[in-house]
Amino acid sequence: MKKRPTDTKARGIHELYSDDPEMADKQLWDREVDPTSRRGFLKRSSLLAMAAAVGGSIPFANHMPGGLIPAALAQSNESFQLKGKEGLTVLNDRPINAETPPHLLDDDITPARHMFVRNNGIPPAIADIDADTWQLEIGGESCKNPQSFSIAELKEQFEHHTYQLQVECGGNGRSEFVPSASGNQWTTGAVACPTFTGVRLRDVLEACGIADDAVYTGNYGADAHASGNPDKDAISRGVPIEKALEDESLIAWAMNGEDIPYLNGYPLRVVCGGWPGSVSGKWLKRIVIRNQKHDGTKMAAPSYSVPQHPVAPGSQVPLEDFVTIQSMPVKSLVTFPQSGADQALGEAMTVRGHAWAGDLAVKKVQVSIDFGATWHDAELKNPPNRLAWQRWTTSVEFPEPGYFEVWARATDENGLSQPMVVPGWNPKGYLNNACHRIAVQVAEEVS
Ligand SMILES: Nc1nc2c(c(=O)[nH]1)N[C@H]1C(S)=C(S)[C@@H](COP(=O)(O)O)O[C@H]1N2
Ligand SMILES: [Mo]
């Protein structure tokens, strides 16, 4: 067994999860805290907990098959709970993928517990991660002086930078495509905007010598391919060298001033904001500087690629007609109130959310309460730094009682707006930036 980390922060991570690598499941799922979750019932449930959850004693409990989820709970929307990620909706548990309901993204800076999780493979066991001995290698055919750094060396040798960066999965919104696209059925919650602290990718790559023929980077992480095949990577993506050399491209060891959460890539990850999240490699072990477009796992079409010309929904698209997604399109979310809100007639309702536009800034956010017939401008803040999302706020009043929807639409600095309906069908279901909307019930009086 590997040496236990000694610094307090790292110990925090190891305490949150089990130290016993054989209990991989226990490391991730929050059963102790919430034995009444559906996951809890599947795995182990105490009679008392079950009785409490269904709201009464269970006279025939001794006939209940082990692991049965009581029907009273089986149909509930309650999601399986991931440790440190309470409230997220788990879409898949092998590999783990979990998204954040819009109202839990209301904070200006996304708290760690509300950052979505998108795993392509099997993360390294927590017990095997030692931030003190973790090494990051820099190499590749266009690297002049390949080197290896411990996290302490990165911290000592390079200037530290903190940026708030939006990370959105390329497949966020996939669930709305018709015909449906295979893959995680993300609704709106595969996006987050925490702060990241680390060193500039540029500073580290330059220290290792970027050859004149360098065109791309590639990231390798410590996670394993879902098949368990040690010769395969779960994912290995990268960015054109120009994106890697931007001020905001980081090799980060902290998120919101703390260790990066285990599921978000502890102890080290790349963050390139504004691009599909897949370029922001987690559990980062190695970066290569390439003299050609990186050819790692999930770099080639159709992964993270869309047809270069619009195609009819359901079309077969030849691989050579795909292009790799770069900057993500303009988008916004309504994060307050939660959809389904009750509102008293005659009272103004505060509505707010965030807007972002890949590499660009957002210029305008508009809101409609009449299904898009009329729009008014929301107040829009500047981002705290480039590649952070922008807070928008407004106040709406409803003319009469009844069912209303609040729609929000953002426009980027080039004048491109979000579409009202799901845009550009593509085989893998990427880049759905359709407007988000919430339901509001307006009544004379709200109890
Ligand atoms: N090593 C590694 N890095 C990874 C992934 C992964 O599975 N393994 N998933 C990528 C994808 S597809 C996305 S959208 C982001 C999600 O980051 P998060 O899980 O921290 O939210 O991480 C990216 N980096
Ligand atoms: Mo992703």
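Please read these numbers as outputs of a predicted model, since none were measured by experiment.
- Atom CD of E320 is surrounded by more than 12 heavy atoms from other residues, nucleotides or ligands within 6.0 Å.
- Nearest approach of P267 to W134, heavy atoms of both residues: CG-CD2, 3.5 Å.
- The CG atom of N256 sits 7.5 Å away from the OG1 atom of T110 when rounded to the nearest 0.5 Å.
- The CG atom of L88 sits 10.0 Å away from atom CG of L263, with the distance rounded to the nearest 0.5 Å.
- Contact of the Y262 side chain with the P123 side chain is registered, since non-hydrogen atoms from C-beta on lie closer than 4.5 Å.
- For K364 and W392, the positive end is not near the middle of the six-membered ring at less than 6.0 Å and at most 45° from its axis.
- Residues L105 and H354 come closest through the heavy atom pair O-NE2, 2.7 Å.
- Of the charged side-chain nitrogens involved, none lies within less than 4.0 Å of a carboxylate oxygen, so that D223 and K282 do not count as a salt-bridged pair.
- Nearest approach of G257 to T195, heavy atoms of both residues: N-OG1, 4.3 Å.
- A heavy-atom distance below 4.5 Å is found between the side chains of Y216 and M299.
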- Just do the side chain to side chain contact (heavy atoms under 4.5 Å, CB included) check on W283 and L268 with the steps written out, would you? CA-CA 5 Å; W283 308 291; L268 203 63; over 6 Å; no
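- Between R290 and E141 there is a salt bridge, with a side-chain nitrogen of the basic residue lying less than 4.0 Å from a carboxylate oxygen of the acidic one.
- With hydrogens and angles disregarded, a donor-acceptor distance shorter than 3.5 Å links the side chain of E99 to the backbone of T187.
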- side chain to side chain contact (heavy atoms under 4.5 Å, CB included) between S395 and M349, intermediate numbers included: CA-CA 5 Å; S395 167; M349 186 173 85; over 6 Å; no
- Item | Test log, rule salt bridge (charged side-chain N to carboxylate O under 4.0 Å, His left out), inputs K285 and E137 | CA-CA 6 Å; K285 292 298 293 173; E137 286 172 34; over 6 Å; no
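- Every residue meeting the side chain to side chain contact (heavy atoms under 4.5 Å, CB included) condition with C208, not counting sequence neighbours, appears here in chain and number order: I138, C143, Q147, F149.
- Taking the six-membered ring for Trp and thresholds of 30 and 60 degrees, W389 and W356 have ring planes inclined between 30 and 60 degrees apart.
- Expressed to the nearest 0.5 Å, how far CG of D377 lies from CZ of R409 amounts to 10.0 Å.
- A donor-acceptor contact shorter than 3.5 Å is absent between the side chain of D233 and the backbone of A224.
- With values rounded to the nearest 0.5 angstrom, C193 atom SG is found 4.0 Å from Q164 atom CD.
- With Q390 contributing its side chain and V362 its backbone, the two residues share a donor-acceptor pair below 3.5 Å.
- Between the side chain of H161 and the backbone N or O of L250, no donor-acceptor pair lies under 3.5 Å.
- T335 is not listed as a side-chain neighbour of H103, based on a closest heavy-atom distance of 4.5 Å or more.
- Although no hydrogens or angles enter the test, the distance criterion places a donor-acceptor pair under 3.5 Å between the side chain of R269 and the main chain of S280.
- For the pair N119 (side chain) and G121 (backbone), a donor-acceptor distance under 3.5 Å is absent.
- Annotation: E379, atom CD; neighbour count of heavy atoms from other residues, nucleotides and ligands within 6.0 Å does not exceed 12.
- With hydrogens and angles left out, the side-chain atoms of R174 and N172 include no donor and acceptor closer than 3.5 Å.
- Remark: the K293 side chain and the T324 side chain contain an N/O donor-acceptor pair separated by less than 3.5 Å.
- What you find for G273 and L165 is that their closest heavy atoms are CA-CB, 4.4 Å.
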- Task: Kindly determine whether D106 and R391 satisfy salt bridge (charged side-chain N to carboxylate O under 4.0 Å, His left out), including the steps that lead there.
- Result: CA-CA 9 Å; D106 191 42; R391 167 60 85 189; 3.6 Å; yes
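- Screening residues 305-317 for side-chain hydrogen bond (donor to acceptor under 3.5 Å, both in side chains), with sequence neighbours left out, gives no hits.
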- Message: Pair R437, E405 - check salt bridge (charged side-chain N to carboxylate O under 4.0 Å, His left out), show working.
- Response: CA-CA 6 Å; R437 60 205 177 104; E405 293 188 2; 2.7 Å; yes
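- Remark: side-chain polar atoms of E400 are not paired, donor with acceptor, to backbone N or O of F398 under 3.5 angstrom.
- Remark: R386 engages D359 in a salt bridge, criterion side-chain N to carboxylate O under 4.0 Å.
- Within the model, atoms CD1 of I251 and SG of C272 stand 9.5 Å from one another, a figure rounded to the nearest 0.5 Å.
- The backbone N or O of N219 sits less than 3.5 Å from a side-chain atom of S236, completing a donor-acceptor pair.
- One N or O on the side chain of R237 and one on the backbone of K298 form a donor-acceptor pair closer than 3.5 Å.
- Between E86 and R113, none of the side-chain N atoms (NZ, or NE/NH1/NH2) sits under 4.0 Å from a carboxylate O, so this pair counts as no salt bridge.
- Taking a 6.0 Å sphere around CG of D212, one finds it holds 12 or fewer heavy atoms contributed by other residues, nucleotides or ligands.
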- Task: Run the numbers on W407 and I438 for side chain to side chain contact (heavy atoms under 4.5 Å, CB included), then give the verdict.
- Result: CA-CA 7 Å; W407 293 6; I438 60 160; over 6 Å; no
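- At a cut-off of 3.5 Å, with distance as the only test, a side-chain donor of Y163 or R200 sits close to an acceptor on the other residue.
- Side chain of S339 to main chain of A439: a donor-acceptor pair is present (N/O by atom type, distance under 3.5 Å, no hydrogens or angles).
- With rounding to the nearest 0.5 angstrom, the CG atom of L201 is 10.0 Å from the CD atom of E206.
- In this structure, the side chains of L154 and L136 come closer than 4.5 Å at one or more pairs of heavy atoms.
- Contact check for P240 versus V215: no side-chain heavy atoms found under the 4.5 Å cut-off.
- Side-chain contact, T217 with H294: no donor N or O sits under 3.5 Å from an acceptor N or O.
- Of all non-hydrogen atoms in E397 and I369, the two that sit nearest each other are O-CD1, 3.5 Å.
- Listed by first then second residue, pairs satisfying side-chain hydrogen bond (donor to acceptor under 3.5 Å, both in side chains) with a partner in residues 415-436 read E176-N432, S332-Q418, T411-S417, not counting sequence neighbours.
- Between the side chains of S142 and N291, no donor-acceptor pair of N or O atoms lies under 3.5 Å.
- Proximity of L205 to I289: side-chain heavy atoms (C-beta onward) are separated by under 4.5 Å at one or more points.
- Looking at R118 and N184, their side chains come closer than 4.5 Å, going by heavy atoms from C-beta outward.
- We find that D108 and R352 are not joined by a salt bridge, their nearest charged nitrogen and carboxylate oxygen being 4.0 Å or further apart.
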- Query: Can you check side chain to side chain contact (heavy atoms under 4.5 Å, CB included) on T393 and V351, steps first, answer last?
  - Reply: CA-CA 6 Å; T393 312; V351 181; over 6 Å; no
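- V446 and A344 get closest at one heavy-atom pair: CG2-N, 3.4 Å.
- Inter-residue side-chain proximity for S278 and I235 is flagged as met; some heavy-atom pair is nearer than 4.5 Å.
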